[in-house]
There are 2 protein chains.
Amino acid sequence: MIFLSLNDFIEATNGPKCRVFENPDPKELIEVLKKLKTSHVITIFALCDAFYKGRAQSTLDKGERLIIIKPDGTLLIHDSRSREPKNWQPPGSIITFSYNNGSLLIKSKRYNPREEIRITCYTLYVVITARLGRGGLSLEGSEKEMAEIINKNPSLIEEGLRIVKREAKTPYGYVDLLGEDAKGRLVVIELKRGIAQINAVYQLVRYVEYFRSTARREVRGIIAAPKISKNAMLILKRYGLEYKRVKIR
Amino acid sequence: MIFLSLNDFIEATNGPKCRVFENPDPKELIEVLKKLKTSHVITIFALCDAFYKGRAQSTLDKGERLIIIKPDGTLLIHDSRSREPKNWQPPGSIITFSYNNGSLLIKSKRYNPREEIRITCYTLYVVITARLGRGGLSLEGSEKEMAEIINKNPSLIEEGLRIVKREAKTPYGYVDLLGEDAKGRLVVIELKRGIAQINAVYQLVRYVEYFRSTARREVRGIIAAPKISKNAMLILKRYGLEYKRVKIR
DNA sequence: CGTGCCAGGTGCCTT
DNA sequence: AAGGCACTTGGCACG
């Protein structure tokens with residue numbers, strides 16, 4: 001049987017990391033998938049269609065796609081375009097395989113919210129199972145990091161500023177940084193690591209409104225970001241708030 | 001040469017759709033990848049590390065991963081967990097392959113913003129090239145659809161309501177629906193297809209503030225959603241605004 | 001192209 | 001679990 005001998009060959013050359021199945025028989029494949037789904041990433045090139053129902057609802061017409069199933073329950077259906085999968089299911093979903101009328105059926109369920117995907121694979125071109133690593137990513141340049149840097153060096157915002165609190169809670173949300181300026185005024189600071197848009201402005205507006213209504217002293221509001229959109233700047237000024245260009249690194 | 005005969009075998013059985021390369025020699029593979037990158041989805045199982053620099057910056061330690069390169073320029077690096085790739089590059093990025101000291105180097109560049117990923121593949125386990133379809137997805141249950149339904153049947157919000165405008169522009173953003181109630185009052189409606197959070201309230205408050213300052217008549221504000229968060233409801237009421245439970249379908 | 005905003009957003013963290 | 005929010009958010013529609 002060519003099917004088996006090929007696998008043997010592949011296992012011998014690749015070790016246990018990757019197994020490749022060419023045009024596999026769905027019935028036989030299911031047994032393998034059931035065994036490996038909790039430990040291996042399963043990658044399927046197939047002619048398939050898919051139905052999703054949950055928070056929304058969708059139909060994916062029959063076509064050639066790449067299906068990825070991860071041991072954490074993630075399901076991805078990719079086509080030839082876009083960073084985003086056409087359909088997906090997040091980690092924690094429960095996947096089951098079954099056979100129907102020559103096709104491989106893949107079902108993925110999750111609860112809270114209740115959502116389901118059903119994929120019918122009419123033709124299986126290639127299936128690869130692989131044990132992949134995880135993690136190992138370290139990221140720099142987040143807003144959190146920006147807050148830490150400014151916290152340590154408030155003069156990046158202005159001379160004489162002192163940071164009083166980070167992630168200060170208000171009924172209207174969390175303030176990134178709360179400070180006090182050289183003249184003893186309260187300073188509400190909203191950070192953006194990228195371009196500050198108008199929603200950053202209205203966050204700030206609400207916070208400033210809140211502190212003005214509770215703190216019995218002058219309150220300033222500052223957006224600190226490397227850039228600000230034209231419209232955001234306009235609204236900011238209309239509310240008498242300030243923008244401070246802050247470029248980390 | 002086993003490498004070639006295997007390919008021949010695979011092409012014969014799979015047709016031109018999928019080509020599988022087992023433990024390929026990077027140098028030879030590069031020629032294939034260069035030819036196929038504009039038409040085929042390239043899937044690489046490899047031991048690799050990666051560096052990203054752009055809006056942020058990251059390092060991905062050496063590990064076994066799944067790399068996907070799409071003809072639209074998309075680059076994805078997946079591991080055994082999560083719906084999200086560990087690293088990526090969006091459509092429109094420019095990919096180049098090169099060889100260095102036994103390794104396959106993959107570089108992806110984009111401009112606006114300027115970002116770059118460099119992947120070093122130390123070991124290539126399996127590489128698959130496939131011509132995949134695209135599109136074919138139809139989605140139901142979007143906010144846009146919700147707006148259409150309410151537009152046709154405003155009594156879903158309240159009796160006597162008349163929709164005046166959709167996507168009404170204000171200096172503070174776009175209002176989902178603008179209506180007029182039975183008593184001739186202006187009604188600003190903010191739609192949410194899921195749970196309305198405080199962010200939705202912010203939006204509505206701004207719009208209502210704007211119309212109150214310009215329209216010389218009474219202005220109401222309504223959030224229409226299947227659900228609203230506790231806090232959002234609290235703030236909403238504090239501003240004298242309303243919530244209307246609307247469940248489509 | 002920038003600006004605004006929805007998304008089946010996802011992921012992370014806190015209550 | 002629900003809430004609040006950043007994200008290399010991505011994606012789209014519009015001026």
Side-chain angles (χ1 to χ4, degrees), chain A residues 52-58 74 81-92 110-117 137 139-147 167 169-176 190-201 203 227-235, chain B residues 52-58 74-75 81-93 108 110-117 137 139-147 167 169-176 190-200 202-203 227-234:
Chain A
Y52 151 75
K53 184 158 187 177
R55 286 167 292 182
Q57 192 170 339
S58 77
T74 300
R81 301 195 169 201
S82 166
R83 180 200 181 269
E84 293 305 302
K86 282 286 161 296
N87 281 111
W88 72 90
Q89 205 75 299
R110 69 182 288 213
Y111 307 89
N112 193 19
R114 186 178 247 285
E115 295 193 298
E116 193 176 291
I117 290 185
L137 182 79
L139 186 81
E140 297 168 53
S142 64
E143 190 188 288
K144 196 186 164 191
E145 212 179 37
M146 194 174 165
E167 290 286 300
K169 197 183 176 184
T170 79
Y172 301 97
Y174 289 83
V175 174
D176 287 334
E190 176 66 29
L191 298 178
K192 286 294 160 211
R193 58 175 301 289
I195 302 167
Q197 308 273 22
I198 58 172
N199 77 313
V201 180
Q203 277 183 57
K227 217 177 159 193
I228 186 165
S229 83
K230 220 171 132 187
N231 231 331
M233 191 60 167
L234 215 70
I235 301 172
Chain B
Y52 152 74
K53 186 158 185 180
R55 286 168 292 183
Q57 191 170 338
S58 77
T74 300
L75 169 69
R81 301 195 168 200
S82 166
R83 177 198 184 270
E84 293 305 302
K86 282 286 160 298
N87 281 112
W88 73 91
Q89 203 76 296
S93 307
S108 172
R110 69 183 288 216
Y111 306 90
N112 193 19
R114 186 178 248 283
E115 294 194 298
E116 193 175 290
I117 289 185
L137 183 79
L139 186 81
E140 296 167 53
S142 65
E143 189 188 288
K144 196 186 164 190
E145 212 179 39
M146 194 174 165
E167 288 287 299
K169 197 184 174 183
T170 78
Y172 301 96
Y174 291 82
V175 174
D176 287 335
E190 176 66 30
L191 297 179
K192 286 295 159 210
R193 59 171 303 289
I195 303 166
Q197 308 274 18
I198 53 175
N199 208 33
Y202 288 161
Q203 284 184 50
K227 218 177 158 193
I228 185 165
S229 83
K230 220 171 130 185
N231 229 332
M233 191 59 166
L234 214 71

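Every chain is numbered from 1 and lettered A, B, ... according to where its sequence line falls, protein lines coming before strand lines. Small disclaimer: the values here were computed from a predicted structure and weren't measured.
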With rounding to the closest Å, how many angstrom separate the [atom1] atoms on [N] and [M]?
N: C:dG8; M: D:dC14; atom1: C1'; answer: 25 Å
N: D:dA6; M: C:dA7; atom1: C1'; answer: 15 Å
N: D:dC5; M: D:dT9; atom1: C1'; answer: 12 Å
N: C:dC6; M: D:dC7; atom1: C1'; answer: 15 Å

Scan the side chains in residues 191-201 of chain A for donor-acceptor partners under 3.5 Å anywhere in the protein, sequence neighbours excluded, and list what turns up.
unit_1: A:R193; atom_1: NE; unit_2: A:G141; atom_2: O; d: 2.7
unit_1: A:R193; atom_1: NH2; unit_2: A:G141; atom_2: O; d: 3.3
unit_1: A:R193; atom_1: NH2; unit_2: B:R55; atom_2: O; d: 2.5

| task | Only stems of 3 or more consecutive Watson-Crick or G-U pairs count here, both distances under 3.5 Å; name the ones for DNA chain C, or none. | result |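 Correct response: C:1-7 with D:9-15, C:9-15 with D:1-7.
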
Base, sugar-phosphate or nothing for [X]? Non-hydrogen atoms, less than 4.0 Å.
X: B:K53; value: nothing
X: B:I195; value: nothing
X: B:P171; value: nothing
X: B:E190; value: sugar-phosphate
X: B:P113; value: nothing
X: B:Q89; value: nothing
X: A:S58; value: nothing
X: A:E84; value: sugar-phosphate
X: A:I117; value: base
X: A:G54; value: nothing

Do the side-chain N or O atoms of [X] get closer than 4.0 angstrom to the phosphate oxygens (OP1, OP2) of [N]?
X: B:S82; N: C:dG11; value: yes
X: A:R55; N: C:dT10; value: yes
X: A:N87; N: C:dG8; value: no

| Under a criterion of less than 4.0 angstrom to any heavy atom of chain B, what are the 5'-terminal and 3'-terminal contacting nucleotides of DNA chain D? |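 Counting from the 5' end, contacts occupy D:dG3 to D:dG11.
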
Shortest non-hydrogen separation from [X] to [Y] and the atoms involved:
X: B:P171; Y: A:I235; answer: O-CD1, 3.5 Å
X: A:E190; Y: A:D176; answer: OE2-OD2, 3.2 Å
X: B:P90; Y: B:S93; answer: O-OG, 2.7 Å

| field | Partner residues of A:E167 under the salt bridge (charged side-chain N to carboxylate O under 4.0 Å, His left out) criterion, sequence neighbours left out | value |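 A:E167 satisfies salt bridge (charged side-chain N to carboxylate O under 4.0 Å, His left out) with no residue once adjacent residues are dropped.
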
Output the rounded distance in Å from [atom1] ([X]) to [atom2] ([N]).
X: B:R83; N: C:dT10; atom1: CZ; atom2: C1'; answer: 6 Å
X: B:Y202; N: C:dC5; atom1: OH; atom2: C1'; answer: 17 Å
X: B:R81; N: C:dG11; atom1: CZ; atom2: P; answer: 12 Å

| said: List the residues meeting side-chain hydrogen bond (donor to acceptor under 3.5 Å, both in side chains) with B:S82, not counting sequence neighbours, and say none if there are none. | reply: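 Result, side-chain hydrogen bond (donor to acceptor under 3.5 Å, both in side chains) vs B:S82: none returned.
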
| message | Restricting to side-chain hydrogen bond (donor to acceptor under 3.5 Å, both in side chains), what partner residues turn up for A:R110, sequence neighbours left out? | response | A:E115

| request: Let me know, please, whether A:N199 or B:R193 comes out on the 5' side of the other along DNA chain C by nearest nucleotide. | output: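 Residue closer to the 5' terminus by nearest nucleotide: A:N199.
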
| message | Closest-nucleotide mapping onto DNA chain C: is A:S229 or B:L139 further toward the 5' terminus? I mean the 5' end. | response |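 It is A:S229 whose nearest nucleotide is closer to the 5' end.
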
Set of residues satisfying side chain to side chain contact (heavy atoms under 4.5 Å, CB included) with respect to [X], sequence neighbours excluded:
X: B:S142; value: B:K144, B:E145
X: A:R83; value: B:T74, B:L76, B:E84, B:P85, B:W88, B:P91
X: A:L137; value: B:S58, B:L60, B:K86, B:N87
X: B:K53; value: B:Q57

| said: If you go through the side-chain atoms of A:Q197, does one of them form a donor-acceptor pair with the base of C:dG2 closer than 3.5 Å? | reply: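 Under the 3.5 Å cut-off, the side chain and the base do not form any donor-acceptor pair.
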
| message | Can you tell me whether the side chain of A:E115 and the base of C:dG8 have a donor-acceptor pair closer than 3.5 Å? | response |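 Indeed, a donor on one side and an acceptor on the other fall under 3.5 Å apart.
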
Anything under 3.5 Å between a protein N or O and an N or O of nucleotides 13-15 of chain C, put it in a table, one pair a line.
none

| By ring-ring contact (aromatic ring centres under 6.0 Å, His included) - contacts of A:Y52 (at least two apart) |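 A:Y52 satisfies ring-ring contact (aromatic ring centres under 6.0 Å, His included) with no other residue.
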
| query | Starting at the 5' end of DNA chain D, which residue's closest nucleotide do you reach first, A:L191 or B:K227? | reply |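 Its nearest nucleotide being more 5', the pick is B:K227.
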
